[in-house]
Amino acid sequence: METAQRLLATQRQIPADAETVSHQLMLRAGLIRQLASGVYTWLPTGLKVLRNIEQIVREEMDAAKAQEILMPGVQPAELWEETGRWDQFGPELLRFSDRHDRGFCLGPTHEEVITDLVRSEIRSYKQLPAIFYQIQTKFRDEIRPRFGVMRSREFIMKDAYSFHLDEKSLQETYEVMYQTYEKIFDRLGLEYRAVVADSGNIGGDTSHEFHVLAESGEDQIVFTNNGNFAANMEMVATQMPSAQRPSPEASIEKVSTPGKHSISEVSTFFSVSEDKTLKTLIVHGEKDSLVGIVLRGDHELNRVKAERLDKVRSPLKFASAEIISKELKCDVGSIGPVKLNIPVYADYSTSVMSDFICGANENGFHYKGVNWGRDLPEPDFVDLRNISQGEPSPGDNGPVKIARGIEVGHIFQLGTKYSESMKVSCLDENGKSITLIMGCYGIGISRIVAAAIEQNHDDRGIVWPKSIAPYDLAIVPINMHKSKRLYDSVMELYQQAKAAGFDVLLDNRKERPGVMFADMELLGIPHRIVLSDKALDAGTVEYKGRSDAESRDLPRDDILAFIRDRNDPD
RNA sequence: CGGGGCAUAGCGCAGCCUGGUAGCGCAUCUGCUUUGGGAGCAGAGGGGCGGGAGUUCGAAUCUCUCUGCCCCGACCA
């Protein structure tokens, strides 16, 4: 491919609307353009990356004996009514009517469609197990699309669905899919981790997420060095401490703490560490009630755990400052569990605290020397918090580490959630009708593009893993328009590289070198060859890998073999 | 949906407070010079200021009202 004939669409300036690195770089490198909120056009370069990812996914899915199909983006309401999701899904499901006033939606996922297909096509156990997949555009009317294609409304997903006669078969296929996902993310050249996950509203029991590790990731993942434990933060249980609560030594005392609101201010004021304080959060309960949630000062609330509590409204909603001051007669920074006349849940970790500090439910005052049982009733101690770095892991696998990740894959064991409501069965070898068991397996293809950039970039632009880079190799000639022999040499190398199977981008624009270098680096092309008259005399070319610190001169005749070796050292 | 912000040329912005008929940088086009890290000079084209209504002799500037987009919170690949 030659730059002069190609819509490179690179931009020098950072678009004002983009905040995250990947979003900025995708716009600047000319991969995408926004059409509407959460809706993007893929430009030629971006599409090449997308196709590279799709190809790897396709090859590995095919290798796992999954069969590719393509289902419609538009789906009839009746199917969704069968599973009850027409009502459950909420506004995220974009609904509309056709000219006959029949209800339709834009497919956010395809459990209903595939299940409908399978129930009419699969009749015998001999056709099972079966895995179907597609790579297709989905639409979810997200409340707030953001970060470019990281969370867009229209996006490209690989979704796969498996059907089984029994649980054992589902387990086997699930294991195959897990391994297939590992192969896919290995081939994509991304640093990732598989974690135990919450299955959310897709339904089912066992589920794993695959996260690309990146500082900017929205999810926290928890794992151990021995590799035997890895889970989404939402899922990591903390235990009731086994230690005995120390006996009270101090007596309760109300202390004036003017202007001290946050835990760090209060702990500094009292010259104690944050773990000697309690923080009390106020959330909405059922109906109009409020519920207090008490955590150790240095701990972080886990929303998913809080939502599971009987008295807490789901989804979790924090009480506003106005409601708190109206109902509790004090402001947010002064709340504590003592004489708090609403239901209170306290985290396990607070059960072994004594002589602690907490808000006095009066502006400008805190209590110190507070003790459970003596100064206030024992609350319900439950698991409410996020585990912290360095704490012992569940199952004795050593201390946990915490990293941030971007969820790019999710596999579920669905069980019979859809097959039951949609009555999918077939006959087993005894002629008995069996309700099929399902699994489903998603990969966010378009999100992977953004995640790969979040994980692999520098101050000059994208640094693509070589398997998904839009081009393998950039050829940058210096002053080609001035030298016929340079032109001939460049074109010869260009043809040779193409013949050798490289996807080559020849920068044949009449630009100054700096402009070409900057664009090729912004685009993140893994290998760059610079050709000049000077090097021609020496019989060399100048080579630089995208993440190399320095360029090097190599014999012209060896360059393609050199790059091939570098790509594939074996 | 709650909170905050923005909307002026392809991109980034100024002008708005104190109304007088739109400007800067980059990009684009032409010419000359230049050519190993986003060139220099000269010239050119391009918008009527998100839409609608109002106030006014006159509105990018003031008022009202829509709409779109971005950011922070609850959803998910």
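Values below: all heavy atoms of this structure, side chains included; hydrogens, waters and symmetry mates excluded.
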### Task
Remember a base hit wins even if backbone is also touched, and classify Ser152(A) as base, sugar-phosphate or nothing at under 4.0 Å, heavy atoms.
base

### Validation row: Tyr40(A), Glu154(A) side chains within 4.5 angstrom (heavy atoms)
no

### Message
Check this for me: does the side-chain of Asp519(A) come within 3.5 Å of the base of G38(B) through a donor and an acceptor?
### Response
yes

### Task
Please confirm whether any donor atom in the side chain of Glu511(A) sits under 3.5 Å from an acceptor in the base of G38(B), or the reverse.
no

### Task
Rounded off to whole Å, could you give me the CD1-to-C1' distance for the Ile135(A) and A77(B) pair?
13 Å

### Query
Distance between the C1' atoms of C41(B) and U35(B), in whole angstroms?
16 Å

### Query
Within 45° of the six-membered ring axis of Trp42(A) and under 6.0 Å from that ring's centre, is NZ or CZ of Arg51(A) located there?
no

### Task
For Arg28(A), report the nucleic acid contact type (base, sugar-phosphate, nothing); a contact means any heavy atom under 4.0 Å.
base

### Cation-pi check, Arg528(A) onto Phe517(A) ring (under 6.0 Å, within 45° of axis)
yes

### Query
Say you pick atom C1' in G58(B) and the same atom in C71(B); how far apart are they, in whole Å?
38 Å

### Query
Reckon Glu142(A) touches a base, only the sugar-phosphate, or nothing at all at heavy-atom distances under 4.0 Å?
base

### Task
Decide yes or no, distance alone: a donor-acceptor N/O pair under 3.5 angstrom between the base of G36(B) and the side-chain of Arg528(A).
no

### Query
Has the side chain of Arg151(A) got a donor or acceptor atom sitting under 3.5 Å from an opposite partner on the base of C75(B)?
yes

### Task
Using whole Å, report how far CZ of Arg144(A) lies from P of G68(B).
17 Å

### Task
Check whether any side-chain nitrogen or oxygen of Arg512(A) sits under 4.0 Å from OP1 or OP2 of A39(B), and answer yes or no.
yes

### Under 4.0 angstrom between Ser446(A) side-chain N/O and A77(B) OP1 or OP2
no

### Query
Does the side chain of Arg146(A) get closer than 4.0 angstrom to OP1 or OP2 of C75(B) through an N or O atom?
no

### Task
Nearest whole angstrom, please: distance from the C1' of A77(B) to the NE2 of His110(A).
14 Å

Is there any protein nitrogen or oxygen under 3.5 Å from a nitrogen or oxygen in nucleotides 5-14 of chain B, and what are the pairs?
unit_1 : atom_1 : unit_2   : atom_2 : d
C11(B) : O2     : Gln13(A) : OE1    : 2.8
G12(B) : OP1    : Ala16(A) : N      : 2.9

### Query
With respect to the phosphate group of A27(B), does any side-chain polar atom (N or O) of Arg12(A) fall under 4.0 Å of OP1 or OP2?
yes

